[in-house]
Amino acid sequence: MKKSYFEIQPWELVTHKFNDANNLVTESLTSIGNGYMGMRGNFEEGYSGTSLKGTYIAGVWFPDKTRVGWWKNGYPNYFGKVINAIDFISLKITISGTEIDLAKTPFEDYYQKLDMRNGVLTRSYIVNLSGKKTRITFKRFLSITTKELSVQQVEFEQLVGAAEIQVESRLDGNVKNQDSNYDETFWEPVTQKATATELFLSMRTKENPFNTERFTVSALADLNASKETQPAVAVQNELLVNDKRSFVISENERVSLLKRVAIITSRDIADAEHETTAEHILARTSKDYAELEAEQTAAWAERWATSDIEIAGDDAAQQSIRFNLFELFSTYYGEDSRLNIGPKGFTGEKYGGATYWDTEAYAVPFYLGVAAPSVTKSLLYYRHNQLAQAKHNAAEQGLAGALYPMVTFNGIESHNEWEITFEEIHRNGAMAYAIYNYTNYTGDDSYLANEGLEVLVEISRFWADRVHYSKRNDKYMIHGVTGPNEYENNVNNNWYTNYLARWVLKYTKSAYEAYGAKSKADVPTAELLKWQDIIDKMYLPNDEELGIFVQHDTFLDKDIRPVSALAAEDLPLNQKWSWDRILRSPFIKQADVLQGIYFFGNEFSLDEKKKNFDFYEPLTVHESSLSPSIHAILAAEIGEYDKATEMYNRTARLDLDNYNNDTDDGLHITSMTGTWLAIVQGFAGMRTWDNTLSFAPFLPKNWNNYSFHINYRGRVLRVSVASSVKIELISGETLQIKLYDKNFELSNEITVAVK
Ligand code: BGC
């Protein structure tokens, strides 16, 4: 049984305990964000115990130079980092001369709550200083109606005796990353001001040879107290301004302070206008905490109205799906097409970069279902806007066309491991798949016909150059790749990569035939013929005897044995085994052949699906958080419901229960989409092949029922599954759908028994 860090409650993460040993994990789990910025659950008052400080602004990053002696042509020049920005939540507290720090100060009655209904993080405890007791309660949220706004309240309730309290509100730019080389810092000071009414701090990312875009981030803060206090403000140093308030609180008295901060960046506003822009924002913002919280709750309620999944009979499952949806929406809600969804979102530093293939493979199908098509379209535009950089990446490898990066902020590859950047080229196929997915799901071909086709043509040019022709076999092959299974490198003919490359060429060719005449893309006939030749002669390893597609040329020569043959202490492999041992082993990190079978589910028979699932799943350690959801979906399709449920639980509570023992450095944001996919595409069997929406639901054993909404082609549908399946048309026009392979016209609602 895995340990839960918070109580199981359907809408909340609540704990009454505080434990330094768990703090990194609970800080990750209490991260909040609003798409524009976000932060870990760090303590406002500061904490000298175990902690990872993390306040991040979307799109603000630093190209950290990592040149090494064994550099070779084509290696990326830097590692793109998500960097800690101004710590603007800081509220240091002193009570009768003692600075409050939970690592040192005696406290009792601890309580922490993340409310997923509105993204408000509350923390409260009583400090007991020589018998005088004060309850301190912090509340904070990042507004989803005014993206630049952070709202915090601290309330003091004097329970026993009187006390002298000092609150120091700070804007602190003395921040660094835990993963910095040699404690390097990324910021230089620009402006610092402290007046009786407000604090202002502005700082800019440092210059370095790769920093083509330097960012200025500014914060303007004010503080409003419910009791008359005298501000004592100061510029402490070039990167720190503060405002200290002192007051005496008598027994039974309550005093609260509201800290409002507006954070502005050079991504949106010219540096010279940061202060006035921030002033305007604070001027039009209420000074009443309750009013601000009510506005936030109403805005979140709107999001939940069409995206919530309700599960009866399993509170742990209910909590986890809401937690995953909450963190996803806190990371990205499609408002800014320059942004994307980092694997850690705003919850940690690990991975670097903000954009992975995770977006196209995992986030696109999720956002298509839960949000308006414009949200997914923003993600597609993001890649189109970076087409020039993708061409640059291909040229760096001496190849034609466009190679989308494995990891990036601005379109240029920004990861520094060669086996990922040179070899994990399958991600280029996922970019094309997302265009197909959007078009097929929404029925809107406007992106495909214009921007999409331009992207597809350049990706196809890359594949046509990256394959080679094997005369001996009269086949096209792709050597020296890493498939989705990163527990092998430099393999030849990864089935998934070859299959995907061939599919991209086919899809591009047919899109070009349909839309080419009106598009900017120009593909000469000779090139189209070449693509066709590759399509016809692409080599795809398979084994007839086993009835499986073979992961790559020599996979079956490995010492094939199931994960169940390993001793418990060998797992997780990535923490226990040398990299060399992992690479030689038959153990698979995440769906590889099965990822292809999932993407192209309409191109394989049920028997092929079963045989491949039964062969590969037992070899898979699921040490990428992206893995269990794909397995849950396929297991459900082939009728292995218990396996599907097991895989669902693993993806759903991955972070809440710290499944892979790695939640301390941040949440697995992109794989959270997998929880939704596992329910909607797995348990409910939703598919959208051939312009038809279909379902084939089952009910997991310990659930009484579950229900969810989806957006589909201008309609909102509600699907509820108990002993019968009910599909309701909430809005939009009548629709033809399939339920367990039978056709229905959905004009109001349909109910059939669950199979
Ligand atoms: C996975 C990749 C993924 C990355 C970021 C890695 O562990 O193997 O497929 O893109 O994490 O989520």
Side-chain angles (χ1 to χ4, degrees), residues 28 79-82 179 324 327-328 331-332 340-366 379 383 403-409 413-431 433-434 481-489 491 494 496-497 500 551 571-575 577 579 582-583 585 587-596 598-599 616 619-631 650-651 654-655 659-663 665-675 677:
S28 297
F79 184 66
K81 276 188 175 153
V82 171
D179 67 357
N324 292 343
E327 290 293 346
L328 278 161
T331 308
Y332 186 83
N340 213 282
I341 308 151
K344 295 268 158 207
F346 300 116
T347 72
E349 299 170 2
K350 202 182 158 192
Y351 285 122
T355 313
Y356 284 60
W357 74 300
D358 305 26
T359 298
E360 281 69 21
Y362 293 83
V364 159
F366 162 75
L379 292 171
R383 296 294 189 176
L403 173 60
Y404 278 92
M406 187 65 187
V407 178
T408 195
F409 284 96
E413 178 61 64
S414 77
H415 199 288
N416 52 4
E417 284 177 71
W418 64 269
E419 62 271 37
I420 294 199
T421 55
F422 291 3
E423 291 204 337
E424 231 185 303
I425 51 176
H426 68 80
R427 81 265 187 167
N428 225 20
M431 307 300 134
Y433 188 78
V481 301
T482 297
N485 172 29
E486 290 180 344
Y487 284 180
E488 283 178 315
N489 296 145
V491 300
N494 169 250
Y496 172 75
T497 307
L500 189 58
Q551 192 161 285
L571 295 167
L573 296 182
N574 62 13
Q575 290 170 22
W577 281 12
W579 191 234
I582 290 177
L583 293 179
S585 84
F587 303 115
I588 303 173
K589 183 180 182 189
Q590 66 202 92
D592 192 302
V593 166
L594 296 181
Q595 181 74 37
Y598 162 69
F599 269 173
Y616 286 110
L619 305 177
T620 307
V621 284
H622 306 291
E623 287 179 14
S624 160
S625 59
L626 299 173
S627 188
S629 56
I630 299 302
H631 287 83
R650 195 154 167 177
T651 190
L654 181 91
D655 284 319
Y659 232 106
N660 284 352
N661 202 19
D662 62 356
T663 297
D665 52 25
L667 303 176
H668 298 82
I669 296 293
T670 45
S671 68
M672 288 179 163
T673 56
T675 313
L677 294 174

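Atoms within each ligand, like the ligands themselves, are counted from 1 in listed order. For clarity, every value in this text was computed on a predicted model and none was experimentally measured.
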- Specify the closest pair of heavy atoms between T651 and T675, including all atoms of both residues, with the distance to one decimal. O-OG1, 3.8 Å
- Note on the structure: Heavy-atom closest pair (R650 atom, V621 atom, distance to 0.1 Å) is NH2-O, 3.3 Å
- Any side-chain donor near an acceptor of the partner, Y487 and E623, under 3.5 Å: yes
- Measuring from T497:OG1 to R427:CZ, what's the distance to the nearest 0.5 Å? 10.5 Å
- With sequence neighbours excluded, what pairs up with K589 under the salt bridge (Lys or Arg N to Asp or Glu O under 4.0 Å) test? E486
- Query: What distance separates E424 CD from E419 CD, expressed to the nearest 0.5 Å?
  - Reply: 9.0 Å
Could you go through ligand 1 and list every pair where one of its N or O atoms sits under 3.5 Å from a protein N or O, giving the atom names and the distance to one decimal?
unit_1: ligand 1; atom_1: 7 (O); unit_2: K589; atom_2: NZ; d: 2.8
unit_1: ligand 1; atom_1: 8 (O); unit_2: E486; atom_2: OE1; d: 3.0
unit_1: ligand 1; atom_1: 8 (O); unit_2: K589; atom_2: NZ; d: 3.0
unit_1: ligand 1; atom_1: 8 (O); unit_2: Q590; atom_2: OE1; d: 2.5
unit_1: ligand 1; atom_1: 9 (O); unit_2: W357; atom_2: NE1; d: 3.0
unit_1: ligand 1; atom_1: 9 (O); unit_2: Q590; atom_2: NE2; d: 3.1
unit_1: ligand 1; atom_1: 10 (O); unit_2: W357; atom_2: NE1; d: 3.0
unit_1: ligand 1; atom_1: 10 (O); unit_2: D358; atom_2: OD1; d: 2.6
unit_1: ligand 1; atom_1: 12 (O); unit_2: D358; atom_2: OD2; d: 2.5

